[in-house]
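Written below as structure tokens is the structure these notes are about.
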Amino acid sequence: MIDLHLVRNEPEAVRANLARRKRPEVLELFEQLRIADARQRQLGMEVDQLRAFRNTLAAAIPRVKSGQALGETTIPAGVREALRSTSPELAAWEQLPPDVSHLKALAAAVGPATATAEAARDAVAAQVAALHPRVPNLLDASVPYGGSDADNVVVRTWGTPDPPRAWARGHAELAEAGGLADFERAARASGAGFNYLLGDLVLLDLALQRYALEFLSSRGYTPVSTPMLLRRGPYEGVTDLSDFETVMYRIADDDLYLIATSEHPIAARFMGEILDDSTLPMRLAGLSSCFRREIGGHGVDQKGLFRMHQFNKVEQFIFCRPEESWALHEELLANTEGLYQGLQIPYRVVNVCTGDIGTVAAKKYDVEAWFAKQQAFREVASCSNCTDYQARRLKIRAGKQGGSKVIAHTLNNTAIATSRAMVAILEQYQRQDGTVAVPSVLQPYMGSRSLLGAPLPP
RNA sequence: GCGGAGGUAGCCAAGCCUGGUAUGGCGCAGGAUUGCUAAUCCUGUGGGUUCUCCCGCCGGGGUUCGAAUCCCCGCCUCCGCGCCA
């Protein structure tokens with residue numbers, strides 16, 4: 001969620017920022033939020049005034065009871081107005097003798113008036129609560145202006161894509177022919193989008209996880225193996241509501257949700273807490289399976305490992321103080337680049353434009369690896385600085401214990417989603433005989449083997 | 001699944017039976033003093049705000065002039081037993 005103080009104090013700047021997303025409905029949301037917020041504060045004042053008066057009376061009663069003088073007590077104008085309709089006789093309270101029974105009668109009359117005012121305020125507060133989370137994060141100035149992914153800006157390209165090889169097989173065909181995966185029976189058992197990995201491909205999956213974890217560990221990231229089911233409450237803090245409809249699997253009987261990425265349980269871990277400055281920046285390497293109902297366009301990549309309902313991923317995540325998040329955003333990106341450089345797979349980095357970026361990120365880089373058979377760059381990692389947007393909803397703050405606090409910043413980036421990395425490796429490293437060379441950085445995790453699979457008939 | 005104990009500010013606790021407006025310690029911040037970063041003392045410490053105010057004691061209702069306190073409903077955690085890789 002964005003900072004409501006900015007909505008109040010710098011509406012022009014917020015509006016201009018949101019306008020860059022090229023989505024009229026976002027500006028409409030913002031205006032509705034601004035109006036509702038102002039109205040809520042107005043109504044809140046009225047409630048406060050009524051409650052203040054009630055508190056004054058409640059404090060006066062025991063004093064009068066014990067024989068002390070009541071002292072000067074006047075009905076505030078707003079309270080008198082609120083009482084005029086419900087208890088007209090009490091609106092002229094000063095003419096009544098200041099004894100306990102009259103004090104009680106007056107206080108009792110304030111109750112319903114307060115309830116009316118509260119109901120009005122709560123109705124508006126509910127509007128604010130509904131609108132606020134839907135307003136997207138403010139974008140960094142360096143996000144390129146554009147309407148769709150066509151306007152994303154390539155920041156740099158690493159490596160040299162190989163020319164097409166006529167004999168090369170698609171990764172799904174290669175894996176099936178080599179006995180490394182069983183898509184057909186997985187579809188029968190669990191549905192399309194699931195797979196059985198077999199033999200060397202299982203080892204490759206694990207090797208990629210180990211490679212990413214070791215790589216990140218050596219750079220100061222702590223591995224985290226997370227819960228793969230989350231409760232609804234925490235989940236609402238880490239993602240937007242539309243995801244519940246389209247992306248996430250729900251365990252209905254227990255009101256639990258299968259995580260879509262370890263980013264979610266990691267972010268939820270410190271919900272409501274204050275992170276001590278001495279622990280920041282907190283660099284984490286999440287490891288989990290990921291579950292997603294929505295797997296993209298119909299007829300696209302239906303078979304194979306590229307888009308699946310379940311896959312494994314090592315994820316980078318950082319909690320930090322606001323002033324350090326932009327440097328760390330670049331660090332996260334550099335890590336993913338280092339991982340793919342180690343695998344010797346060409347890639348490019350894309351700065352995702354204002355119209356294509358999601359609601360949570362203030363800036364996002366995508367890393368797109370080269371898929372040799374497809375002869376295309378395709379997304380394998382997504383590197384976001386969420387600034388304080390995610391942490392505000394989760395109420396995660398940073399500071400010294402007992403000292404001053406600020407809303408923390410959160411960042412995340414894929415390290416390696418093994419499914420897509422395996423596709424890239426199968427396409428890039430396959431040989432004409434159907435075997436696949438093992439990238440040298442993975443060999444330590446594959447029993448020093450340099451080849452996987454077995455020769456196939458031509 | 002059954003039984004028990006709990007949830008109070010950054011942390012730890014008190015207050016609850018007997019309703020009267022959040023008490024102490026630690027930590028942290030600022031100040032005083034002493035030729036030091038020790039000791040001592042003072043002040044402050046959550047959220048909001050239009051700032052002699054409002055809210056805040058797990059959440060939501062209720063009773064009451066007034067609820068951390070009494071009543072009801074929920075959520076969560078811990079301990080024991082059962083089951084279990």
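Numbers restart at 1 for each chain; the letters A, B, ... are given by sequence-line order, proteins then strands.
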Partner of B:rC28 under the Watson-Crick or G-U wobble criteria, both distances under 3.5 Å, comes out as B:rG44
Between B:rA13 and B:rA22, how far apart are the C1' atoms? Round to whole Å, please. 13 Å
Name all residues meeting the ring pair (Phe, Tyr, Trp, His ring centres under 6.0 Å) criterion together with A:Y211; count only those two or more places apart in sequence or in a different chain, and write none if there are none. none
Side-chain donor-acceptor pairs under 3.5 Å in residues 180-193 of chain A, sequence neighbours left out?
unit_1, atom_1, unit_2, atom_2, d
A:D182, OD1, A:E184, N, 3.4
A:D182, OD1, A:R185, N, 3.0
A:D182, OD2, A:R185, NH1, 2.8
A:E184, OE2, A:K303, NZ, 3.1

Does A:H171 use its side chain to pair, donor to acceptor, with the backbone of A:M422 at less than 3.5 Å? no
Quick one: salt bridge (Lys or Arg N to Asp or Glu O under 4.0 Å) pairs with a partner in residues 120-133 of chain A, sequence neighbours left out? none
For A:N9, the side chain to side chain donor-acceptor pair (under 3.5 Å) test, sequence neighbours excluded, returns none
Pairs under 3.5 Å (N/O, protein and nucleotides 82-85 of chain B):
none

Look through every strand shown and name the nucleotide pairing with B:rA85 as Watson-Crick or G-U wobble, where both distances are under 3.5 Å. none
Sequence neighbours excluded, every pair satisfying salt bridge (Lys or Arg N to Asp or Glu O under 4.0 Å) that has a member inside residues 40-55 of chain A: A:R51-A:E118
Using Watson-Crick or G-U wobble geometry with both distances under 3.5 Å, which nucleotide pairs with B:rC2? B:rG80
Protein-nucleotides 71-77 of chain B N/O pairs closer than 3.5 Å?
unit_1, atom_1, unit_2, atom_2, d
B:rC76, O3', A:R231, NH1, 3.3
B:rC76, O3', A:R231, NH2, 3.4
B:rU77, OP1, A:R231, NH2, 3.1

A correct 5'-to-3' footprint of nucleotides 53-65 of chain B, with B, S and - meaning base, sugar-phosphate only and no protein heavy atom under 4.0 Å, is SSS---------B
Taking pairing as Watson-Crick or G-U wobble with both contacts under 3.5 Å, can you name the mate of B:rC51, or confirm there isn't one? none
Which residues share a side chain to side chain donor-acceptor pair (under 3.5 Å) with A:E330, sequence neighbours left out: A:Y365
Name all residues meeting the ring pair (Phe, Tyr, Trp, His ring centres under 6.0 Å) criterion together with A:Y235; count only those two or more places apart in sequence or in a different chain, and write none if there are none. A:F244, A:H264
Using whole Å, what does the distance between atom P of nucleotide B:rC11 and atom CG of A:L275 come to? 12 Å
Does B:rU21 have a Watson-Crick or wobble mate here (both distances under 3.5 Å), and if so which one? none
Sorted by chain and residue number, the ring pair (Phe, Tyr, Trp, His ring centres under 6.0 Å) partners of A:Y221 (sequence neighbours excluded) come out as none
Go ahead and name the base partner of B:rG59; Watson-Crick or wobble counts if both distances stay under 3.5 Å, otherwise write none. B:rC73
Tell me whether the centres of the aromatic rings in A:F317 and A:F319 are closer together than 6.0 Å. yes
Who pairs with A:F30 by ring pair (Phe, Tyr, Trp, His ring centres under 6.0 Å), at least two apart in sequence or on another chain? none
Opposite nucleotide pairing with B:rU33, Watson-Crick or G-U, both atom distances under 3.5 Å: none
